[in-house]
Amino acid sequence: MRRLVVGVTGATGALYAVRMLQALRNVPDVESHLIVSAAGVLNIKHELQLGRHELQAMADHVYSVRDVGATLASGAFATAGMVVVPCSMRTLAAVAHGLSDNLITRAADVTLKERRRLVLMVRETPYNLAHLRNMTAVTEMGGVVFPPLPAFYFRPASIEEMVDHTVARVLGMFDIDVPGPHWEGIY
């Protein structure tokens, strides 16, 4: 069984997190390990009218963001990697500077130190110089900065199709194949 850690922070884009957890539920050999920040809970409520327990029910395992002693805080807990979806600039900065002050940032730090795949789906525009430097630092450490930008080449008919395309691309980075629109080529 492969384990994927999913961190949810307070940046806009809660739908990406929900659609990712829903997609993972349909992959029998992958279990999701969810951590949600307090701002993440507020944002999910605001953007999607979902409560904490409704989101948590979508995951296989749930951890408190304050539990820095959880199994996810150790490199001995083998995972396929971690995705932070959406990723706030505060979380990006904490990861870039090694500030393991909660379980999301500690799990990200562990992911990097163990040389596992870390994908940060950062949500902010425009970027200032601090954002860009933090993205560079994470990239230099081996992380992947993946702003969830919509693709229009497959002519999406809905927001859900755009989100599902991005979710499928991100999960593909972990060799997790889920249904979703894919580039078919022009001809």
Side-chain angles (χ1 to χ4, degrees), residues 1-14 16-25 27 29-44 52-53 55-124 131 134-148 166-167 169-176 178:
M1 183 70 74
R2 295 179 289 165
R3 301 168 175 150
L4 183 65
V5 180
V6 178
V8 179
T9 68
T12 189
Y16 290 103
V18 167
R19 299 297 282 183
M20 182 170 290
L21 290 169
Q22 289 171 338
L24 289 171
R25 293 299 282 180
V27 182
D29 69 329
V30 175
E31 59 183 32
S32 57
H33 292 258
L34 177 66
I35 317 160
V36 185
S37 72
V41 170
L42 290 173
N43 200 46
I44 286 167
R52 171 193 314 260
H53 298 294
L55 180 70
Q56 290 173 340
M58 296 178 195
D60 295 307
H61 302 277
V62 178
Y63 304 83
S64 167
V65 72
R66 294 181 307 274
D67 187 4
V68 293
T71 57
L72 300 180
S74 171
F77 187 76
T79 69
M82 179 176 184
V83 59
V84 181
V85 51
C87 181
S88 66
M89 289 297 126
R90 184 242 176 259
T91 299
L92 169 68
V95 172
H97 295 279
L99 305 177
S100 300
D101 59 345
N102 64 49
L103 188 56
I104 292 174
T105 55
R106 174 61 186 159
D109 185 54
V110 167
T111 300
L112 289 172
K113 82 177 184 67
E114 296 296 326
R115 307 298 191 260
R116 298 176 185 143
R117 171 87 22 132
L118 173 66
V119 177
L120 303 180
M121 295 178 68
V122 296
R123 290 288 300 127
E124 185 69 63
H131 300 152
N134 289 335
M135 288 181 207
T136 299
V138 167
T139 301
E140 289 173 341
M141 289 185 270
V144 176
V145 176
F146 193 118
T166 301
V167 165
R169 286 199 58 216
V170 168
L171 291 177
M173 297 183 82
F174 296 93
D175 295 321
I176 299 170
V178 298

Quiz item: Hey, is the main chain of Val68 close enough, under 3.5 Å, to the side chain of Arg106 for a donor-acceptor pair?
Solution: no
Quiz item: Does Val65 offer a backbone N or O that forms a donor-acceptor pair with the side chain of Asn102 under 3.5 Å?
Solution: no
Exercise. Hey, can you tell me if His33 and His61 have their rings parallel, tilted or perpendicular (30° and 60° cut-offs)?
Key: parallel
Quiz item: Do the side chain of Thr105 and the main chain of Asp101 share a donor and acceptor less than 3.5 angstrom apart?
Solution: yes
Quiz prompt | salt bridge (charged side-chain N to carboxylate O under 4.0 Å, His left out) partners of Asp67, counting only residues at least two apart | solution = none
Practice problem: Let me see the working for Thr139 and Val144 under side-chain contact (heavy atoms from CB on, under 4.5 Å), right down to the final yes or no. | Solution: CA-CA 6 Å; Thr139 301; Val144 176; over 6 Å; no
Quiz item: Any ion pair linking Arg2 and Asp175 (charged N to carboxylate O, less than 4.0 Å)?
Solution: no
Quiz item: Are more than 12 heavy atoms from other residues, nucleotides or ligands located less than 6.0 Å from atom CZ of Arg25?
Solution: yes
Quiz item: So, does Asp60 use its side chain to make a donor-acceptor pair with the main chain of Ser32 at under 3.5 Å?
Solution: yes
Practice problem: For Arg90 and Thr9, run side-chain contact (heavy atoms from CB on, under 4.5 Å): C-alpha distance rounded to whole Å, both residues' side-chain angles, the deciding distance at 0.1 Å, then the answer. | Solution: CA-CA 9 Å; Arg90 184 242 176 259; Thr9 68; over 6 Å; no
Practice problem: Sort out for me which residue in Asp109, Val119, Val95, Ile104 forms a side-chain contact (heavy atoms from CB on, under 4.5 Å) with Met82. | Solution: Ile104
Quiz item: With distance as the sole test, does Tyr16 use its side chain to make a donor-acceptor pair with the main-chain N or O of Pro148 at under 3.5 Å?
Solution: yes
Quiz item: Do Arg169's NZ or CZ and the ring of Phe146 fall within the cation-pi criteria of under 6.0 Å and 45°?
Solution: no
Practice problem: Would you confirm whether Arg3, through its side chain, and Gly81, through its main-chain N or O, come within 3.5 Å as a donor-acceptor pair? | Solution: no
Quiz item: Less than 4.5 Å apart, any side-chain heavy atom of Val41 and any of Val8?
Solution: no
Exercise. Measure the shortest side-chain to side-chain distance between Asn134 and Met89 over non-hydrogen atoms and say whether it is less than 4.5 angstrom.
Key: no
Self-check item: Test side chain to side chain contact (heavy atoms under 4.5 Å, CB included) applied to Met141 - qualifying residues, sequence neighbours left out
Solution: Leu112, Ala137, Val138
